There are 2 protein chains.
Amino acid sequence: MTAKEKDQQIEVTILNAARKVFVQKGYDGARMQEIADEAGINKALLHYYFRNKEKLFLAIFVEALESFIPKIGEILQDNSSLFEKIEKITEVYINMLKLNPYVPMFILHELQNHPEFFIDILQNKGGIRPMKVMEQLQKEVNEGKIRPVDFRQVFVSVISMCIFPFAAKPLLLGMLFNNDEAAWDIFLEERKKFIPQLIKESLKVK
Amino acid sequence: MTAKEKDQQIEVTILNAARKVFVQKGYDGARMQEIADEAGINKALLHYYFRNKEKLFLAIFVEALESFIPKIGEILQDNSSLFEKIEKITEVYINMLKLNPYVPMFILHELQNHPEFFIDILQNKGGIRPMKVMEQLQKEVNEGKIRPVDFRQVFVSVISMCIFPFAAKPLLLGMLFNNDEAAWDIFLEERKKFIPQLIKESLKVK
DNA sequence: CATAATTTTGACCATATGGTTAAACTAATT
DNA sequence: AATTAGTTTAACCATATGGTCAAAATTATG
């Protein structure tokens, strides 16, 4: 391994450690020492690679934002039908959330808690262009296939139904699933079908 | 004002200050000094009334949990019909969230972040008994009025659609509302009708 | 009014934490 | 091999923070 390769390798190691700690504990709860330990290096070296806590945090936060937000944008823009898009979003997001259940809460918590950081970031990474889907929806309304409805209400509902259960898992697992993780997994799998069906059955004019 | 009254008064003042700071910044981000300042007292006095940060935090957290969770329980238990219950939950929760938009995120964040605190609390405060509604739903299914459906999916969906928009407000406001707060308020008001209608139209067998 | 009990305060303490520095070590370059 | 540039470390620093304490101020009690 050349020096440069090793250099990049350690940077990746640091980012992995930082991601783990920041996402789980948030900016305020995260400790540079813990990140260093997790990465198997000492604190000074951590500061050598990322000048300070804020810079390191921002790297993780932007990465998280980039991995979660634009994916919706892509799907909304593609050529599939309205309901296919809802199915895709549900499927893609629930799968993503099963792998990274804490990321959305992390994003939302930091967004509320440290807005200073983000005024500019959101301008670039936080945008989606819903024009295309809105036209698709309007067309289906005009054709009498679905009832008139505010696109934003539908959109926010789909996203909410996908993401929120992961945030509320600690509560829901006790309340509705007797702390049975397997039942929870089944619930999530069924949810991939339930959400699109809920929307479809509700909007379709029959 | 007698001494006892003043005593209680200052305790309330402290709790108000603590609520504000903890809910906004979370346990890790909150500073005892800031709470003292907010309450207009000094730090030593704060420790005189609430021995330490954890005790003070717990008072606020339990209060938040008690004000948010049992309210669903009540509605689910009362004598109104299934759809009336969904309407009530939506109405009550969105109103409550308009007044306390940060509370649910606060609860969920701390629940993930400091589970040590909560193992026992949840046993008492985190329970709801969905038996009654489940029977109501089952009855309507048996009578052929609504299609067969997992109660938990419906319940989680309603809660998600109510709460999540408040958590995601910083993102949504920019993405869908051009940072227009008035438009956001209208959106929330319309949501009180949209959510029950979505469920109703979807479940009703026509 | 005098004494006891309670409440409030400023000064203080121990520790945790983000960050720095100078020296040691390693690897590339000549 | 010698020099240089880049990497890693241990020791340190300044500050923030939760928490304490003894004295002062206030309030209740005999």
Side-chain angles (χ1 to χ4, degrees), chain A residues 1-62 106 109-110 113-114 116-118, chain B residues 1-62 106 109-110 113-114 116-118:
Chain A
M1 183 156 36
T2 76
K4 255 188 191 170
E5 278 169 349
K6 201 189 162 200
D7 217 57
Q8 284 178 257
Q9 180 53 50
I10 201 174
E11 218 169 292
V12 171
T13 308
I14 290 175
L15 285 172
N16 286 339
R19 188 178 314 109
K20 183 171 169 184
V21 175
F22 275 129
V23 167
Q24 208 192 91
K25 312 214 165 174
Y27 181 85
D28 292 321
R31 298 287 164 251
M32 292 300 268
Q33 186 60 59
E34 192 181 346
I35 294 172
D37 292 347
E38 182 76 35
I41 60 175
N42 78 16
K43 211 172 42 144
L45 193 59
L46 184 59
H47 280 86
Y48 178 77
Y49 279 89
F50 294 86
R51 202 170 320 289
N52 55 39
K53 190 180 182 182
E54 194 178 319
K55 287 238 188 338
L56 181 54
F57 171 77
L58 240 42
I60 298 300
F61 185 81
V62 170
F106 165 68
H109 182 256
E110 301 303 338
N113 218 338
H114 298 279
E116 334 83 73
F117 291 170
F118 311 123
Chain B
M1 183 158 32
T2 77
K4 254 188 191 168
E5 279 170 350
K6 201 190 163 198
D7 217 59
Q8 284 179 258
Q9 180 54 50
I10 202 174
E11 218 169 292
V12 171
T13 308
I14 289 175
L15 285 171
N16 286 338
R19 188 178 313 111
K20 183 173 169 184
V21 175
F22 275 129
V23 167
Q24 208 192 90
K25 313 214 164 173
Y27 183 85
D28 292 320
R31 298 287 162 251
M32 292 300 268
Q33 185 61 61
E34 191 182 345
I35 294 172
D37 292 348
E38 183 75 33
I41 60 174
N42 79 14
K43 210 172 40 144
L45 193 58
L46 184 59
H47 279 86
Y48 177 77
Y49 278 90
F50 294 86
R51 202 172 320 291
N52 55 39
K53 190 180 182 183
E54 194 178 317
K55 287 239 187 340
L56 182 53
F57 171 77
L58 239 43
I60 298 300
F61 185 80
V62 169
F106 166 67
H109 181 256
E110 301 303 337
N113 217 338
H114 299 279
E116 331 87 71
F117 290 171
F118 311 122

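Computed from a predicted model, the values in this text were never measured in an experiment. Residue numbering restarts at 1 for every chain, and letters A, B, ... go by the order of the sequence lines. These values consider heavy atoms only, across backbone and side chains, with no hydrogens, waters or symmetry-generated copies.
- Taking the side chain of Tyr48(B) as heavy atoms from C-beta on, and the options dT8(C), dG19(C), dT8(D), the nearest nucleotide is dT8(C).
- Rounded to whole angstrom, the span from the CZ atom of Phe50(A) across to the P atom of dT7(D) amounts to 13 Å.
- Straight-line distance from the CG atom of Asn52(A) to the P atom of dG19(C): 5 Å, rounded to whole Å.
- Distance Gln9(B) CD to dT7(C) C1': 16 Å, rounded to the nearest Å.
- Looking at Leu45(A) and Asn42(A), their side chains come closer than 4.5 Å, going by heavy atoms from C-beta outward.
- Within 4.0 Å (heavy atoms only), Ala30(A) reaches sugar-phosphate atoms of the nucleic acid but no base atom.
- Distance Ile14(A) CD1 to dT7(D) P: 12 Å, rounded to the nearest Å.
- We find the CD1-CZ distance between Ile35(B) and Phe57(B) to be 10.5 Å, quoted to the nearest 0.5 Å.
- In this structure, Lys43(A) and Ala44(B) both approach DNA chain D, and ranking their closest nucleotides by distance from the 5' end singles out Lys43(A).
- Side chain of Met32(B), nearest nucleotide from dT8(D), dG18(D), dT9(C): dG18(D).
- In this structure, CG in Asp28(A) is found 7.0 Å from NE2 in His109(A), a value given to the nearest 0.5 Å.
- Put simply, CD1 on Ile14(A) and CG on Leu46(A) are 5.5 Å apart, with the number rounded to the nearest 0.5 Å.
- Taking atom CG on Leu45(A) and atom P on dG19(C), their separation rounds to 15 Å, with Å as the unit.
- The distance from atom NZ of Lys25(A) to atom CZ of Phe22(A), rounded to the nearest 0.5 Å, is 12.0 Å.
- Note on Arg31(A): every side-chain N or O is 4.0 Å or more away from OP1 and OP2 of dA16(C).
- At least one side-chain nitrogen or oxygen of Tyr49(A) sits closer than 4.0 Å to the OP1 or OP2 atom of dT8(D).
- For the pair His47(A) NE2 and dC13(D) P, the interatomic distance rounds to 17 Å; values are reported in whole Å.
- Taking atom CD1 of residue Ile10(B) and atom C1' of nucleotide dT27(D), one finds them 14 Å apart after rounding to whole Å.
- Rounded to an integer number of Å, the gap from Asp37(B) CG to dT9(C) P is 12 Å.
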